[in-house]
Visitor: 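I have a structure here, written as structure tokens, and I will follow up with some questions on it.
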Amino acid sequence: QPDPRPQEETVKYEVNDGVAWVYFNRPDKRNCMSPKLNRQMKIVLEELEFRDDVKVLVLTGEGTAWTAGMDLLEYFRMTEAEGLGAIRKSQRESYGWFERLRWYEKPTVAMINGWCFGGGYGPLFGCDIAIASEDAQFGLSEINWGILPGGGASKVAQELMPFRKAMYHAMMGENLTGKQAEEQGLVTECVPADKLKERVQEICDVLKKKETHALRATKWTMRRMVDMTYDNGLDYQIRAQEALHSFGGAAARKEATKQFLDDKKFKPGLETFDV
Ligand code: ACO
């Protein structure tokens with residue numbers, strides 16, 4: 001008898017007024033990522049991606065951790081004992097959902113409530129906006145147990161942080177506070193722990209009002225352009241804008257322009273048009 005809700009247990013979620021709150025749900029294990037969690041997370045993300053009642057996805061953690069990185073027992077020791085095939089399978093499962101998140105159809109917000117280590121940098125980077133609690137702690141702890149920051153983690157640090165800071169972070173195995181993570185570019189912003197949910201909710205409320213297809217095109221363009229020249233980026237932007245027309249982009253722009261120029265109902269410099 002197949003499990004009718006195979007996603008439950010290591011991942012839980014609720015959908016509330018347009019926002020899907022997804023939780024790493026292994027608080028006793030500081031939400032470290034086991035192969036099972038990786039499989040269940042992929043199922044949950046795919047289930048939520050095209051639901052009409054989901055406008056924004058928030059990824060957070062149950063308990064004191066966001067995620068303590070890969071599970072040293074189930075992801076590393078147990079998988080390695082089974083040989084190369086098992087290792088590759090578990091790598092693909094984890095990298096697979098990190099990738100889904102990077103190219104997610106909906107806007108995503110990481111709400112980092114606590115510990116965030118190593119493999120956790122993959123989903124951290126996957127989320128479009130990252131809001132951390134001031135008392136969260138971020139670490140590339142790999143060097144502390146004799147490996148290099150793999151699974152994307154070193155690339156994330158190098159991509160997001162100033163080079164000197166990223167190098168120090170990867171080599172020293174010291175943790176950053178939420179405030180330092182903000183200063184060094186690893187997260188968008190940090191706020192006191194008791195304001196974390198409120199701030200994330202506020203961001204979600206703004207994102208919910210934006211035109212869905214334009215928002216998706218915007219986030220994909222920002223990610224795609226990272227390794228493009230200026231001219232290639234410009235060309236990509238033209239094509240992405242034109243592709244938006246397949247999703248009603250021309251009509252949306254026409255309506256927004258009308259609301260500004262003719263109806264004087266809103267100012268694009270100050271607010272979002274009435275979608
Ligand atoms: N892998 C496996 N088990 C873990 C992990 C992990 N990454 N993180 C926590 N746990 C387990 C602990 O073994 C412990 O299990 P037990 O209750 O069966 O003994 C339980 O979670 C609770 O952990 P504690 O260490 O007791 O929790 P504490 O709050 O004191 O410390 C901290 C939290 C700092 C996160 C600590 O657990 C830790 O250092 N974890 C490892 C962090 C890490 O380096 N992750 C790997 C990054 S590299 C990578 O992802 C490739």
Side-chain angles (χ1 to χ4, degrees), residues 9-12 22-42 59-84 86-102 110-127 130 132-161 165-181 184 186-187 190 193 196:
E9 197 181 315
T10 61
V11 177
K12 66 172 188 180
V22 178
Y23 294 80
F24 290 105
N25 191 33
R26 300 180 74 205
D28 294 347
K29 297 287 178 185
R30 304 302 178 262
N31 297 328
C32 66
M33 294 177 274
S34 60
K36 183 175 186 182
L37 181 144
N38 291 327
R39 285 192 290 274
Q40 295 188 328
M41 187 64 87
K42 182 141 184 283
L59 181 58
T60 191
E62 188 59 58
T64 57
W66 195 62
T67 171
M70 307 320 292
D71 186 324
L72 270 60
L73 176 63
E74 294 184 38
Y75 183 85
F76 286 109
R77 186 193 280 172
M78 286 166 66
T79 306
E80 279 159 13
E82 287 177 44
L84 186 60
I87 293 170
R88 290 286 181 264
K89 180 170 178 289
S90 58
Q91 285 171 333
R92 284 172 195 152
E93 285 164 352
S94 59
Y95 305 164
W97 79 261
F98 301 170
E99 187 199 18
R100 274 262 35 80
L101 204 54
R102 286 199 302 283
M111 181 169 102
I112 306 107
N113 53 300
W115 305 108
C116 175
F117 284 108
Y121 283 32
L124 178 68
F125 183 57
C127 291
S133 168
E134 277 174 2
D135 59 11
Q137 290 206 43
F138 295 80
L140 286 182
S141 55
E142 284 87 341
I143 197 63
N144 293 345
W145 60 285
I147 68 165
L148 63 82
S154 48
K155 181 64 180 158
V156 171
Q158 175 256 302
E159 197 70 61
L160 295 180
M161 300 166 75
K165 297 293 188 190
M167 186 67 97
Y168 184 94
H169 190 50
M171 292 180 69
M172 296 291 285
E174 294 172 2
N175 296 339
L176 301 174
T177 61
K179 188 83 199 141
Q180 290 170 314
Q184 300 186 18
L186 202 49
V187 299
C190 78
L196 183 63

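The structure presented is a predicted model; accordingly, all values stated were derived computationally and were not measured. Whatever order the structure lists them in is the order used to number ligands and atoms, beginning at 1.
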Visitor: If you measure from each heavy atom of Phe76 to ligand 1, is any distance below 4.0 Å?
Guide: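 Phe76 counts as a contact of ligand 1 under the 4.0 Å cut-off.
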Visitor: Are Thr64 and ligand 1 in contact, using a heavy-atom cut-off of under 4.0 Å?
Guide: no
Visitor: With a 4.0 Å cut-off on heavy atoms, is Leu140 touching ligand 1?
Guide: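 Distance cut 4.0 Å: Leu140 fails for ligand 1.
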Visitor: Any idea which protein heavy atom is nearest atom 8 (N) of ligand 1, and the distance to it?
Guide: Ala68 CB, 3.5 Å
Visitor: Of the protein's non-hydrogen atoms, which lies at the shortest distance from atom 32 (C) of ligand 1, and what is that distance?
Guide: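 Its nearest protein heavy-atom neighbour is Trp115 CE2, 4.2 Å.
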Visitor: Between Arg30 and ligand 1, does any nitrogen or oxygen pair lie at a separation below 3.5 Å?
Guide: yes
Visitor: Checking contacts now, so for atom 13 (O) of ligand 1, which I'm interested in, is there any protein heavy atom under 4.0 Å?
Guide: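 So far as the 4.0 Å threshold goes, atom 13 (O) of ligand 1 is out of reach of every protein heavy atom.
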Visitor: Out of Met41, Glu93, Glu9, which residue meets the side chain to side chain contact (heavy atoms under 4.5 Å, CB included) rule with Lys36?
Guide: Glu9
Visitor: Is a side-chain donor or acceptor of Asp135 paired with a backbone partner of Thr177 at a separation under 3.5 angstrom?
Guide: no
Visitor: Step by step, would you call Leu37 with Arg26 a side-chain contact (heavy atoms from CB on, under 4.5 Å)?
Guide: CA-CA 9 Å; Leu37 181 144; Arg26 300 180 74 205; 3.9 Å; yes
Visitor: Taking N or O atoms only and a 3.5 Å limit, does Trp145 qualify as a polar contact for ligand 1?
Guide: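 No.
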Visitor: Go through ligand 1 atom by atom and flag the ones less than 4.0 Å from a non-hydrogen atom of Asp28.
Guide: 20 (C), 21 (O), 22 (C)
Visitor: Determine whether a donor-acceptor pair (N or O, by modelled atom type, separation under 3.5 Å) exists between the side chain of Gln40 and the backbone of Thr10.
Guide: yes
Visitor: How far is atom 4 (C) of ligand 1 from its nearest protein heavy atom, and which residue and atom name does that atom have?
Guide: Cys32 SG, 3.8 Å
Visitor: By number and element, which atoms of ligand 1 are closer than 4.0 Å to a non-hydrogen atom of Ser141?
Guide: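 Result: 43 (C), 44 (O), 45 (N), 46 (C), 47 (C).
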Visitor: Say whether Gly120, considering both its backbone and side-chain N or O atoms, lies within less than 3.5 Å of an N or O atom on ligand 1.
Guide: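 No.
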Visitor: For atom 39 (O) of ligand 1, find the nearest protein heavy atom and state the residue, atom name and distance (0.1 Å precision).
Guide: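 Going atom by atom, the protein heavy atom closest to atom 39 (O) of ligand 1 ends up being Phe117 CE1, 4.9 Å.
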Visitor: Evaluate Glu142 for polar contact with ligand 1, using N/O atom pairs at a separation under 3.5 Å.
Guide: no
Visitor: Any idea which protein heavy atom is nearest atom 18 (O) of ligand 1, and the distance to it?
Guide: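 Heavy-atom neighbour on the protein nearest atom 18 (O) of ligand 1: Lys29 NZ, 2.5 Å.
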Visitor: Would you say atom 25 (O) of ligand 1 makes contact with the protein, given that contact here means a non-hydrogen protein atom less than 4.0 Å away?
Guide: no
Visitor: Would you check, one step at a time, whether the test side-chain contact (heavy atoms from CB on, under 4.5 Å) holds for Met70 with Phe76?
Guide: CA-CA 8 Å; Met70 307 320 292; Phe76 286 109; 3.5 Å; yes
Visitor: Are the side chain of Thr67 and the backbone of Asn31 linked by a donor-acceptor contact shorter than 3.5 Å?
Guide: yes
Visitor: For Asn113 and Gly63, which heavy atoms make the closest approach, and how far apart are they?
Guide: ND2-O, 3.1 Å
Visitor: Hey, is atom 6 (C) of ligand 1 touched by any protein heavy atom at less than 4.0 Å?
Guide: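 Yes, there is one.
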Visitor: Any nitrogen or oxygen of Leu72, main chain or side chain, under 3.5 Å from a nitrogen or oxygen of ligand 1?
Guide: yes
Visitor: Look at the side chain of Asp71 and the backbone N and O of Cys32, then say whether any donor-acceptor pair between them is shorter than 3.5 Å.
Guide: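 Pair absent, no side-chain N/O of Asp71 close to backbone of Cys32.
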Visitor: Ignoring angles and geometry beyond distance, decide whether Met70 reaches within less than 3.5 Å of ligand 1 through its nitrogen or oxygen atoms.
Guide: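 Looking only at distances, the answer is yes, because the N/O contact criterion of under 3.5 Å is met.
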Visitor: Hey, is ligand 1 close enough to Gly119 that some N/O pair sits below 3.5 Å?
Guide: yes
Visitor: Carefully, step by step, assess Phe138 and Gln184 under the rule side-chain contact (heavy atoms from CB on, under 4.5 Å).
Guide: CA-CA 11 Å; Phe138 295 80; Gln184 300 186 18; over 6 Å; no
Visitor: Closer than 3.5 angstrom, by distance alone: can the side chain of Trp66 be matched with the main-chain N or O of Leu59 as a donor-acceptor pair?
Guide: yes
Visitor: Taking the inter-plane angle between the rings of Phe117 and Trp115 on a 0 to 90° scale, is it parallel (under 30°), tilted (30 to 60°) or perpendicular (over 60°)?
Guide: parallel
Visitor: Backbone N or O of Gly69 within a donor-acceptor pair of the Tyr121 side chain at under 3.5 Å?
Guide: no
Visitor: Short list, please: which atoms of ligand 1 are under 4.0 Å from a heavy atom of Gly69?
Guide: 50 (O)
